[in-house]
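Numbered from 1 within each chain, the chains take letters A, B, ... in sequence-line order.
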Amino acid sequence: MPSTQRQDLSIAITGSGGAGVVSAGTLLLDMAAELGHYGLMRKAYGPQIRGGESAALLRLSTRPVHCMDDGFDLLLALDWQNTDRFAAEIPLSADSLIIADPAAGEIPAAISQSGAQIEPLPLKALAGETEGGRANMVALGLLARWLGFDHSAAQALIGAAYAGKGETIVSNSLASFERGFDTVLKHPPAQVLSTGGSAAPRWQLSGNEGCGLGALRGGVRFAAAYPITPASEMLEWLAPRLEQLGGSLLQAEDELASINMVIGASYGGVPAMTATSGPGLALMLEGFGLAIASETPVVVVNVMRGGPSTGIPTKSEQTDLNIALYGMHGDAPHLVLAALDTADCVFCTEWAVRLSEALQAAAIVLSDQGLAQSRALIDQPERRALQIPPRSLATDDGPYLRYALTEDGVSPMAIPGLENGMYTADGLEHAQSGKPSSAAADHSAQLDKRQRKLENHDYGADWAETSGGGDTAIITWGSSTGAAREARQRLAEAGHEVRLISMRLLLPASVEAMNKALEGVGRIVVVEQSHSQQFYHYLRAYYDLDVAIEVLARPGPLPITPGEIVNRILQQG
Amino acid sequence: MPSTQRQDLSIAITGSGGAGVVSAGTLLLDMAAELGHYGLMRKAYGPQIRGGESAALLRLSTRPVHCMDDGFDLLLALDWQNTDRFAAEIPLSADSLIIADPAAGEIPAAISQSGAQIEPLPLKALAGETEGGRANMVALGLLARWLGFDHSAAQALIGAAYAGKGETIVSNSLASFERGFDTVLKHPPAQVLSTGGSAAPRWQLSGNEGCGLGALRGGVRFAAAYPITPASEMLEWLAPRLEQLGGSLLQAEDELASINMVIGASYGGVPAMTATSGPGLALMLEGFGLAIASETPVVVVNVMRGGPSTGIPTKSEQTDLNIALYGMHGDAPHLVLAALDTADCVFCTEWAVRLSEALQAAAIVLSDQGLAQSRALIDQPERRALQIPPRSLATDDGPYLRYALTEDGVSPMAIPGLENGMYTADGLEHAQSGKPSSAAADHSAQLDKRQRKLENHDYGADWAETSGGGDTAIITWGSSTGAAREARQRLAEAGHEVRLISMRLLLPASVEAMNKALEGVGRIVVVEQSHSQQFYHYLRAYYDLDVAIEVLARPGPLPITPGEIVNRILQQG
Amino acid sequence: MEHTVKVANPIKPKQYKSAIKPVWCPGCGHYAVLNAITKALAQLALANEQVALLSGIGCSSRVPAYTSVYGFHGIHGRALALASGLKAARPELTVLVAGGDGDGLSIGGNHFIHACRRNMDMTYIIMDNEVYGMTKGQASPTTAPDWTKSKLTPHGTGLRPFQPAALALAAGASFIARGFSGDPNGLARMLVAAIEHKGFSVVQALSPCPTFRPEHMDWKHQIRAFEHDSTGDAILAAQRIQADDGQSTGIIYQRELPVWQPITRNSGSIDQFEQEFCV
Amino acid sequence: MEHTVKVANPIKPKQYKSAIKPVWCPGCGHYAVLNAITKALAQLALANEQVALLSGIGCSSRVPAYTSVYGFHGIHGRALALASGLKAARPELTVLVAGGDGDGLSIGGNHFIHACRRNMDMTYIIMDNEVYGMTKGQASPTTAPDWTKSKLTPHGTGLRPFQPAALALAAGASFIARGFSGDPNGLARMLVAAIEHKGFSVVQALSPCPTFRPEHMDWKHQIRAFEHDSTGDAILAAQRIQADDGQSTGIIYQRELPVWQPITRNSGSIDQFEQEFCV
Amino acid sequence: MNLQNPIEDMETFLAYAITLEEEAADRYDELADTLETHNNPDVAKAFRTLASFGRKHCDEIIALAADRSLPNIAPWDFGWEDLEAPETAGLDAVHYLMNTAHALDIAMSNEMRAHDFYQRISQQTSNPEVRALAAECALEEKEHLEQLKTWAERCPDSAEDWRFDPDPAHMPE
Ligand SMILES: Cc1ncc(C[n+]2csc(CCOP(=O)(O)OP(=O)(O)O)c2C)c(N)n1
Ligand SMILES: Cc1ncc(C[n+]2csc(CCOP(=O)(O)OP(=O)(O)O)c2C)c(N)n1
Ligand code: SF4
Ligand code: SF4
Ligand SMILES: [Mg+2]
Ligand SMILES: [Mg+2]
């Protein structure tokens with residue numbers, strides 16, 4: 001266990017349901033927020049809805065962080081019930097410290113074999129010392145003190161968090177917190193987080209909330225959806241807010257309905273979206289194809305989870321890339337974007353909505369469970385004015401051709417209510433008027449047009465986030481970005497410059513931009529969280545990567561860590 | 001118009017619905033069959049269900065043919081109603097002959113601009129000369145004579161074809177046929193098809209029937225499906241025959257049901273399949289993923305049509321490649337095969353069923369409208385004994401682990417009824433027993449296993465059809481094979497040897513075999529019927545094609561022709 | 001119900017037809033349904049641009065392109081979902097949905113029952129020919145069990161057909177009628193009532209397919225009006241539907257039930273939502 | 001009904017439970033449904049390997065793994081399709097299907113009505129807790145309109161709930177019952193009757209979710225038996241379902257109707273089919 | 001008790017008693033399982049102990065029945081007063097945060113009901129053998145009740161807010 005002056009600390013709090021580990025974790029994050037720190041909190045659960053083993057996995061730092069660290073500095077266990085189920089998610093080492101109640105019994109082998117130092121602490125007994133005492137609050141007090149957090153700020157936060165639960169709960173919780181705060185650990189405190197707080201405005205939010213906000217910023221005013229883990233919170237965040245913005249969210253009977261409802265609303269002129277996860281996306285593909293063929297803008301935010309099939313619904317994986325890129329029948333050009341971190345959930349979703357509206361295109365935004373359900377403490381995301389025109393609307397002059405062959409491929413769209421714009425949108429191939437046609441000339445003209453409008457658009461620099469230099473490049477996408485960024489930084493700090501290309505826009509492919517980004521690169525390491533190397537195959541399919549390529553690909557549920565990437569780069573670099 | 005001694009003749013008969021062009025075309029194919037010839041007949045329709053303009057597009061030959069020719073030698077038009085709608089499908093040249101009734105009015109510009117020679121013939125008037133006369137039968141007589149077909153054999157065929165329709169229709173038809181047969185065209189007859197007939201046993205069938213037969217050969221005894229163009233005839237062929245083999249076909253309420261019904265039947269131990277087209281395949285993907293995760297063998301025959309969305313349901317295109325390869329969420333290893341020609345519909349489907357059963361895998365067989373709905377006159381397909389074991393069944397000894405980690409990745413399967421095999425199949429990630437698990441170790445072990453069983457199987461030489469030599473290779477797949485074969489042959493006859501690699505097995509990728517097949521190749525021309533170059537991108541993603549690659553890719557509805565390929569090869573070859 | 005249109009220049013049904021001529025077989029019942037729709041729209045004097053007609057896939061589902069209102073020819077079975085999204089987003093539009101018995105009751109069955117339950121203010125016309133016309137004559141959920149003409153079900157389906165009215169009632173529809181293409185004016189009148197009804201109105205329009213069910217050309221001799229007027233009593237309606245052979249026409253059930261439309265208001269701003277994230 | 005089992009060694013319900021312990025919340029109604037299923041199987045003395053229990057996704061749908069018969073935990077909403085395929089291919093098996101109100105009536109609604117219509121010989125148990133338990137408490141099609149606890153529908157759904165019995169009846173089911181997890185023995189008895197019934201039997205098992213609908217723990221004080229015995233008269237059944245508040249239990253409707261099973265025979269050979277292609 | 005007629009033969013009585021005890025024990029095991037699964041080991045252990053008591057009692061009665069041929073009664077044909085046998089704990093009576101005191105409350109009311117059941121049988125029957133055995137059983141239940149009371153005295157009362165779980169529910173699928 002490190003002594004003092006750490007910039008960065010990873011803490012796991014585990015215990016069974018009811019013990020309040022998530023609540024303690026959340027409060028710890030809040031406290032860090034008060035002090036101007038950054039952080040991230042993931043949750044891990046057992047298969048039970050209630051009462052199951054759970055873990056709050058935190059990383060707190062004086063600098064922005066976008067991924068979990070390679071290991072944990074501290075594991076505080078309220079009990080050991082089934083903890084070994086996610087021992088693999090809490091990597092410990094001889095440098096780590098375990099705080100555990102001896103009354104909770106022996107430390108499971110899966111944990112103790114890490115060689116971590118152990119500091120026994122009678123958490124339950126301490127909690128028992130006050131009326132209605134709660135071990136999680138004792139733990140929170142302990143950690144707050146240990147991290148050097150401010151005592152009264154912490155008290156205020158606890159008061160606010162439990163305000164709705166009644167007086168007794170608040171006062172009991174505070175009493176327990178005191179007990180913990182008064183307890184001095186044998187192991188030296190990690191003072192560092194008490195210093196160096198940032199004064200910059202910061203946000204605390206989840207990726208799901210970020211996508212929701214991005215959608216609203218982009219102009220979405222209608223959503224239809226069917227609940228599914230891990231996308232539901234996005235919908236739950238959106239429902240009341242859409243309503244307050246004069247829009248609405250409709251809970252559909254299934255995903256077939258939701259995608260078609262969204263198409264209907266967008267056809268009606270209201271920017272619309274849905275959110276789902278793998279199984280739901282699979283059900284939406286036919287409808288998504290209709291949006292493409294009828295050129296109705298829609299956005300689907302797909303929050304990836306472990307697959308295939310029902311898979312591992314509560315864990316993260318980057319394995320819906322294939323279905324998002326290629327899941328439609330026929331030649332079906334569309335947009336695929338991926339959020340790189342929590343803040344980027346906001347930007348990326350807004351961008352997707354704007355692009356989809358401007359290009360009358362169907363867009364998929366890929367997020368994942370890791371991003372979506374983690375709470376992040378980040379710098380307030382900047383609000384950029386996107387230079388993207390709104391949906392091109394038809395005007396009331398002259399005979400109207402819904403699918404007119406324009407130069408940029410975008411045909412002005414009539415919205416019901418426009419007096420002379422009546423047309424029939426169609427998923428059948430059609431002539432410019434919309435009249436069904438199976439003529440080769442119409443087919444190829446419309447295929448060209450639908451491709452042209454996407455490929456000719458200038459996406460600018462946002463196709464990827466690039467940083468670093470040198471002749472080794474890491475190419476990654478979506479949420480693996482966090483770990484890759486940190487790996488690049490660690491390498492740079494160790495005097496080893498590498499480039500990082502983190503792709504945000506996956507379709508259409510940015511071939512030229514990639515070529516430029518790769519100039520002078522002699523070695524590429526592809527990083528992704530997939531067993532079958534979906535991203536690697538995608539890169540091969542679309543980009544000219546004429547140099548040695550290595551692939552660091554592995555499935556979930558464990559997140560890719562910076563250390564893993566660093567090791568890989570150093571192996572032969 | 002060629003004079004005599006052609007080995008190969010392409011004839012289009014057009015007219016509006018009710019004129020009986022398809023019936024005349026079918027009889028012409030039957031006559032060619034009697035004479036030992038080979039042939040192919042496609043149909044082209046307008047959007048009407050009945051009474052629409054239609055065309056019978058025939059190619060007759062003394063040698064096996066597997067694609068349409070570059071152009072037509074003869075267009076016989078019963079009338080010109082809307083014929084220009086598919087003028088593009090009947091390429092004519094100055095060498096072609098048009099036979100048309102002057103009473104039908106002027107020849108549409110789209111047709112006449114070809115510069116084809118025209119022979120006016122009062123078809124209607126000739127038909128009017130006999131009671132209940134039919135112009136299509138006059139035309140048939142005319143063509144039979146012109147092609148040198150046998151008179152009495154033709155009469156017998158007509159009698160048989162209309163036997164069920166009543167005496168009058170038969171005798172009227174025969175009378176009209178006589179009128180035509182007695183009419184001598186000014187243009188010299190194409191005698192050649194009267195000679196060189198093959199004595200080898202031949203079949204006449206459609207690709208849809210071929211796939212149906214292949215499925216039965218493979219052991220399929222249950223099908224569930226929802227009708228869709230152009231797959232319905234496969235189902236209609238199968239329904240009574242499955243019943244006669246002790247199996248059945250269930251008409252489902254939708255495609256979501258059909259794929260799940262098929263999984264249910266296969267779980268019950270009965271090899272099962274469904275057939276559909278793009279929109280239906282899109283709806284089946286979630287279920288298909290369940291088959292993969294639960295390791296339940298199923299086969300989906302997908303008959304491709306123009307896309308995206310409803311697209312062009314009656315025309316062919318090779319654009320469901322992407323969705324077949326990549327349409328599932330999560331890492332979802334499965335089999336994708338493609339039929340290369342009508343006969344191969346039989347083999348390929350049988351192979352798919354056998355592989356799917358042996359590997360407990362989910363398989364997609366890709367056919368397309370062109371293959372599926374054309375009638376072909378071919379050599380009787382050989383019946384090969386496939387060295388593939390049947391489904392590995394659990395036996396009643398010891399504790400049973402449904403998803404046991406075996407060396408080859410195939411875990412013996414218990415079928416309901418087996419006394420000690422009770423287990424629960426699951427689409428959730430699971431431990432070896434089938435018990436749901438989200439542990440990293442179980443996930444990676446099962447992902448490995450599901451991939452291993454497919455990748456370690458020895459698919460032998462059937463992964464592709466390869467022929468020819470030289471340092472230029474054509475790589476194609478599925479039904480573009482017919483045109484590519486013929487292009488290769490023409491080039492060879494012109495002294496220009498090229499290699500042809502026609503892929504039948506698309507997933508898993510046969511990387512080594514491809515490398516071997518490409519040894520010494522310096523130029524690759526990829527041929528496919530897709531606008532977005534789906535096959536080309538697939539090749540790039542999986543194979544090491546380190547040489548210059550050119551792509552001949554274009555969408556439907558017009559079929560790829562041999563001449564097109566020859567031209568492309570010669571352009572720079 | 002009395003409509004006040006200027007008699008001197010009454011709106012003509014033609015005004016609601018487009019320049020595209022139907023590809024339906026001559027004799028197909030769907031022509032009359034199209035006519036009934038345009039007549040109803042003329043009668044209601046609705047502005048073309050305020051009406052949207054959405055459909056799925058099937059011969060029947062081709063109908064939007066033949067009208068000159070806003071149309072959407074969607075995908076098979078999903079027209080009601082498409083329409084529900086449109087209506088939720090644009091409540092002021094008059095939303096009509098049309099499609100076949102296959103589209104609406106086979107693949108689209110789930111959206112049908114849920115649309116009935118949701119009771120949004122729109123009108124759904126099931127153009128019922130007891131067959132899949134478009135795909136060349138397979139049995140639909142309304143096909144009689146002993147119809148053996150489809151090769152997919154050579155012994156007939158052996159299944160009792162759905163009664164769309166019974167399903168609609170059980171699922172919660174607030175207006176249920178059965179009309180007949182052979183009586184286009186009666187059908188038009190029914191459609192006017194359906195469109196004017198506040199809530200989800202289901203009109204099953206028996207519409208023969210001469211191509212694949214030529215025997216149904218006899219419907220004109222079999223179909224007659226219900227003996228009773230419409231009722232608002234669900235039990236009575238259920239009884240009448242049960243007792244009927246599916247060939248009586250009329251408004252079967254009509255009742256004022258809560259119409260669903262999303263609640264919406266302008267009471268918040270994005271800035272405000274962003275504040276919630278600030279620490 | 002008297003069952004003859006050896007008294008000395010009667011078959012115990014436990015014999016139908018697996019070693020996997022449910023992850024359901026303590027107090028969840030689904031435990032009792034599981035018990036009722038195993039009791040019914042024991043009572044019928046069915047050999048484990050001759051029974052298959054299939055499900056979709058949801059808390060309720062976890063049930064197959066907790067039994068020791070053949071199980072299939074499929075995908076959300078598709079259990080009835082899975083089961084129909086199995087039953088068509090393996091008619092001799094006893095096929096049971098179980099799942100939630102969301103699984104069966106929301107996403108699975110189409111298969112539900114079509115399974116009712118198809119009337120294959122199997123038993124469907126809807127474990128109805130009027131909520132989506134698995135995804136943390138959203139409204140299902142059986143949720144009351146004014147339940148406002150879900151953030152997805154903060155004003156309540158505003159929709160009249162489905163009555164599964166009414167839908168089943170309209171769609172053609174031949175056995176319809178409503179039971180209650182609070183009366184596991186009564187539910188088991190109902191399941192025995194349902195399994196013995198030839199045709200598609202629907203058993204709606206009210207099964208409270210203490211976690212997301214704690215107010216339903218009161219059901220045990222509200223739920224009572226129907227006053228009437230089961231009827232075979234659809235109109236009477238419809239009346240009773242309509243008149244009821246959805247909280248009466250009992251077999252509501254039972255009728256012998258044609259059971260569908262694919263026709264099959266051994267009368268052809270592949271060689272014979274190939275002959276047809278020869279020219 | 002809605003048994004129309006008193007139990008008059010030993011075989012029927014034994015069938016009732018065995019079922020009553022067996023179901024009670026099975027149910028305690030089931031509850032122990034669920035609380036184990038939900039990480040409440042104390043209560044799980046309590047239920048497990050209760051199950052073993054029940055099983056012991058059940059074995060005694062089975063021993064009594066050794067040479068008899070008992071009637072086979074379907075679960076729903078027993079004339080229990082409630083929906084389940086009197087000693088069977090309600091499946092809905094448990095909570096993942098409950099404590100041992102709650103478990104014992106449940107158990108005590110079960111013993112009470114079992115006692116009442118046996119007592120009523122012994123009062124109603126005219127068969128002396130049944131009367132004697134039922135009375136004995138009733139007595140035993142009473143003894144159990146007393147044992148449980150002492151046990152309960154050792155268990156602390158729960159806080160009023162024992163159901164309070166500061167954490168959100170999980171969302172496994
Ligand atoms: C997903 C999907 N499955 C199947 C089809 C094929 N299909 C087109 S229309 C149709 C049925 C049409 O029947 P109906 O709705 O009754 O309309 P009708 O043609 O009889 O008017 C089918 C099965 C399709 N287009 N899409
Ligand atoms: C295609 C798809 N959509 C959504 C989900 C998410 N999901 C899982 S279970 C469920 C609802 C469960 O409710 P119910 O069937 O009533 O079962 P309960 O949990 O209440 O027993 C949903 C929406 C999914 N797994 N798959
Ligand atoms: S096939 Fe039938 S439904 Fe379709 S257009 Fe022709 S008559 Fe009408
Ligand atoms: S969430 Fe509800 S339905 Fe699911 S296990 Fe818990 S109590 Fe049962
Ligand atoms: Mg129809
Ligand atoms: Mg539920």
Side-chain angles (χ1 to χ4, degrees), chain A residues 15-27 43-54 56 78-83 104-105 128 131-134 136-137 140 158 161-162 165-169 172-173 227-233 277 279 305 310-315 369 373, chain E residues 26-52 88-107 151-173:
Chain A
S16 9
V21 303
V22 170
S23 161
T26 309
L27 281 162
K43 289 169 263 178
Y45 293 125
Q48 311 89 333
I49 303 262
R50 276 289 186 195
E53 49 283 3
S54 55
L78 295 182
D79 65 58
W80 294 114
Q81 306 281 326
N82 280 319
T83 306
E131 171 89 24
R134 305 196 146 262
N136 68 329
M137 288 294 123
L140 185 65
I158 294 170
Y162 293 140
K165 309 287 175 186
E167 286 273 329
T168 339
I169 286 185
N172 291 350
S173 297
I228 188 166
T229 309
S232 299
E233 298 98 346
S277 185
R305 59 191 221 183
T310 312
I312 311 185
T314 52
K315 307 277 177 182
Q369 187 275 334
Q373 297 192 317
Chain E
D26 284 353
R27 180 59 49 85
Y28 284 135
D29 269 330
E30 203 178 356
L31 296 178
D33 286 344
T34 184
L35 285 146
E36 227 159 59
T37 304
H38 290 79
N39 299 318
N40 191 333
D42 295 347
V43 178
K45 203 168 135 224
F47 281 130
R48 201 69 76 194
T49 307
L50 290 165
S52 72
T88 304
L91 271 168
D92 59 354
V94 290
H95 188 279
Y96 67 105
L97 294 177
M98 72 195 292
N99 59 24
T100 308
H102 296 129
L104 293 176
D105 275 349
I106 295 168
W151 183 0
E153 278 158 17
R154 295 199 308 266
C155 297
D157 267 355
S158 49
E160 231 175 90
D161 57 359
W162 64 274
R163 281 173 196 268
F164 173 64
D165 182 342
D167 288 358
H170 303 176
M171 205 188 208
E173 270 159 49

Non-hydrogen atoms of chain E under 4.5 Å away: do they reach the side chain of A:Q373, the backbone, both or neither?
side chain
Sub-3.5 Å donor-acceptor pair from the side chain of E:T34 to the main-chain atoms of E:L31, do we have one?
no
Who in residues 96-105 of chain E is close to chain A, using a strict under-4.5 Å heavy-atom cut-off?
E:Y96, E:L97
Against chain E, work out which of A:N82, A:T26, A:N172, A:I169 has the most heavy-atom pairs shorter than 4.5 Å and name it.
A:I169
Any donor-acceptor N/O pair, E:R27 side chain to E:T88 backbone, under 3.5 Å
no
Rounded at 0.5 Å granularity, tell me how far CG in E:L35 sits from CD in E:E30.
11.0 Å
State whether the side chain of E:D167 and the backbone N or O of A:V22 hold a donor-acceptor pair below 3.5 Å, judged by distance alone.
yes
Among A:V21, A:N136, A:T168, which residue forms the greatest number of heavy-atom pairs with chain E at distances under 4.5 Å?
A:V21
Would you mind checking which part of A:D79 comes under 4.5 Å of any heavy atom in chain E, side chain (CB onward), backbone (N, CA, C, O), both or neither?
neither
Say you draw a straight line from CD of A:E53 to CD of A:Q48; how long is it, rounded to the nearest 0.5 Å?
4.0 Å
Please give me the minimum heavy-atom distance between E:P166 and A:R134, naming the atom from each residue.
CD-NH1, 4.3 Å
By a 4.5 Å heavy-atom criterion (distance strictly below it), what part of A:K315 contacts chain E: side chain, backbone, both, or neither?
neither
State whether the side chain of A:R305 and the backbone N or O of A:G311 hold a donor-acceptor pair below 3.5 Å, judged by distance alone.
no
Assess whether a salt bridge exists between E:R48 and E:D33, defined as any Lys/Arg side-chain N lying under 4.0 Å from an Asp/Glu carboxylate O.
yes
